[in-house]
S.K.: 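Got a structure for you, questions after.
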Amino acid sequence: MASFTEKEEALVKSSWEDLTKNFSHHSIRFYALLLEILPAAKDMFPFLKDANEVPKNNPQLEAQAMKVFKLTLESAIQLREKGDIVIEDATLKQMSSVHVQKGVIDSHFEALREAMLKTIKEGVGAKWNEELGNAWAKAYDVLSAKIKKGMKNA
């Protein structure tokens with residue numbers, strides 16, 4: 001499994017702190033970027049389906065974005081501590097079946113990854129560097145690989 005250094009974990013954690021200062025804004029931006037990259041994603045989220053633009057002040061949207069970013073943050077921490085990501089079987093089964101039900105394919109994971117990294121880059125501003133982006137990307141890649149594997153078994 002991918003090794004994760006203390007520095008990589010620290011980069012993810014500190015940038016997470018920056019993002020949470022204005023997460024409401026960043027969650028809207030995240031979905032706006034995702035729809036730019038993958039317009040078809042609109043039909044996969046109930047809070048986007050009938051909207052002409054990404055809704056502001058939508059608790060469902062913010063909660064879903066929080067889930068994506070927080071799972072990736074937790075993945076970084078687990079990679080550092082355990083060298084792997086452990087997702088409870090029930091949680092993995094539930095996540096995997098939702099992804100299968102929504103028709104998620106590999107390119108969707110790539111689009112989400114790109115939107116997440118762009119959101120982080122904008123959110124941290126001058127603190128952004130390649131090492132920071134690579135740390136988030138590595139954590140996300142291992143997490144998405146687990147979900148994809150779960151989808152094959154769903």
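All residue numbers in this chain count up from 1 along the given sequence.
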S.K.: Once salt bridge (Lys or Arg N to Asp or Glu O under 4.0 Å) is applied, do any residues pair with D89, and if so which ones, sequence neighbours excluded?
M.R.: none
S.K.: Sequence neighbours left out, what passes ring-ring contact (aromatic ring centres under 6.0 Å, His included) with H108? Give chain and number order.
M.R.: none
S.K.: CG/N57 to OG/S24 distance, rounded to the nearest 0.5 angstrom?
M.R.: 6.0 Å
S.K.: Taking all heavy atoms of V68 and all of T72, pick out the closest pair and write down the distance.
M.R.: O-OG1, 2.8 Å
S.K.: Should N134 and K138 be marked as a side-chain contact (heavy atoms from CB on, under 4.5 Å) after you check the CA-CA gap, both sets of side-chain angles, and the distance that decides it?
M.R.: CA-CA 6 Å; N134 288 340; K138 189 192 296 187; over 6 Å; no
S.K.: List in chain and number order the residues that pass salt bridge (Lys or Arg N to Asp or Glu O under 4.0 Å) with E62, two or more places apart in sequence or in another chain; answer none if no residue qualifies.
M.R.: none
S.K.: Is Q94 close to V98 at the side-chain level, that is, under 4.5 Å between some pair of heavy atoms?
M.R.: yes
S.K.: Tell me the ring pair (Phe, Tyr, Trp, His ring centres under 6.0 Å) pairs involving residues 112-154, sequence neighbours left out?
M.R.: none
S.K.: For D18, which residues count as a side-chain contact (heavy atoms from CB on, under 4.5 Å) partner, sequence neighbours excluded?
M.R.: K21, V124, K127
S.K.: Can you name the nearest heavy-atom pair linking W16 to M66, along with the distance?
M.R.: CH2-SD, 3.3 Å
S.K.: Can you tell me how far apart NE2 (H25) and CG (L19) are? Round to the nearest 0.5 Å.
M.R.: 10.0 Å
S.K.: Who passes side-chain hydrogen bond (donor to acceptor under 3.5 Å, both in side chains) against S14, sequence neighbours left out?
M.R.: none
S.K.: Answer whether the closest heavy-atom distance between the side chains of L143 and I87 falls below 4.5 Å.
M.R.: yes
S.K.: Look at E114 together with K118 and state whether they make a salt bridge at an N to O cut-off of under 4.0 Å.
M.R.: yes
S.K.: How would you list, by chain and number, every residue that makes a side-chain hydrogen bond (donor to acceptor under 3.5 Å, both in side chains) with E74, sequence neighbours excluded?
M.R.: none
S.K.: Identify each donor-acceptor pair in which a side-chain atom of residues 33-56 lies under 3.5 Å from a protein atom, sequence neighbours left out, and give them as a table.
M.R.:
| from | atom 1 | to | atom 2 | distance (Å) |
| --- | --- | --- | --- | --- |
| K42 | NZ | A51 | O | 2.5 |
| K49 | NZ | D43 | O | 3.4 |

S.K.: What distance do L132 atom CG and K7 atom NZ have between them, rounded to the nearest 0.5 Å?
M.R.: 10.5 Å
S.K.: Looking at CE of M116 and CZ of R113, how far apart are the two atoms once the value is rounded to the nearest 0.5 Å?
M.R.: 7.5 Å
S.K.: Do any pairs count as a ring pair (Phe, Tyr, Trp, His ring centres under 6.0 Å) and have a residue in residues 75-97, sequence neighbours left out, and if so which ones?
M.R.: none
S.K.: Is there a path of hydrophobic side-chain contacts, each under 4.5 Å between heavy atoms of I/L/V/M/F/W/Y residues, joining V100 to L112?
M.R.: yes
S.K.: Contact between I85 and S75 at the side-chain level, heavy atoms closer than 4.5 Å - yes or no?
M.R.: yes
S.K.: Step by step, work out the side-chain contact (heavy atoms from CB on, under 4.5 Å) result for F4 and V12.
M.R.: CA-CA 11 Å; F4 213 77; V12 170; 4.2 Å; yes
S.K.: If the condition is salt bridge (Lys or Arg N to Asp or Glu O under 4.0 Å), which residues does E81 pass it with, not counting sequence neighbours?
M.R.: none
S.K.: Can you list every ring pair (Phe, Tyr, Trp, His ring centres under 6.0 Å) pair that touches residues 57-97, not counting sequence neighbours?
M.R.: F23-F69, F30-F69
S.K.: What heavy-atom pair brings S144 and F109 nearest, and what distance separates the two atoms?
M.R.: CB-CD2, 3.5 Å
S.K.: Are any of the side-chain nitrogens in E8 or R80 under 4.0 Å away from the carboxylate oxygens of its partner?
M.R.: no
S.K.: With sequence neighbours excluded, what pairs up with K93 under the side-chain hydrogen bond (donor to acceptor under 3.5 Å, both in side chains) test?
M.R.: none
S.K.: I'd like to know if the side chain of Q64 reaches the main chain of L61, judged simply by a donor and an acceptor atom lying under 3.5 Å from each other, with no hydrogens or angles considered.
M.R.: no
S.K.: Using side-chain contact (heavy atoms from CB on, under 4.5 Å), reason through K149 and L92 one step at a time and then give a plain yes or no.
M.R.: CA-CA 10 Å; K149 189 175 178 187; L92 183 60; over 6 Å; no
S.K.: Check whether Q78 reaches the backbone of G83 with its side chain - one donor and one acceptor, N or O, closer than 3.5 Å.
M.R.: no
S.K.: Is the closest side-chain heavy-atom distance between M151 and I147 below 4.5 Å?
M.R.: yes
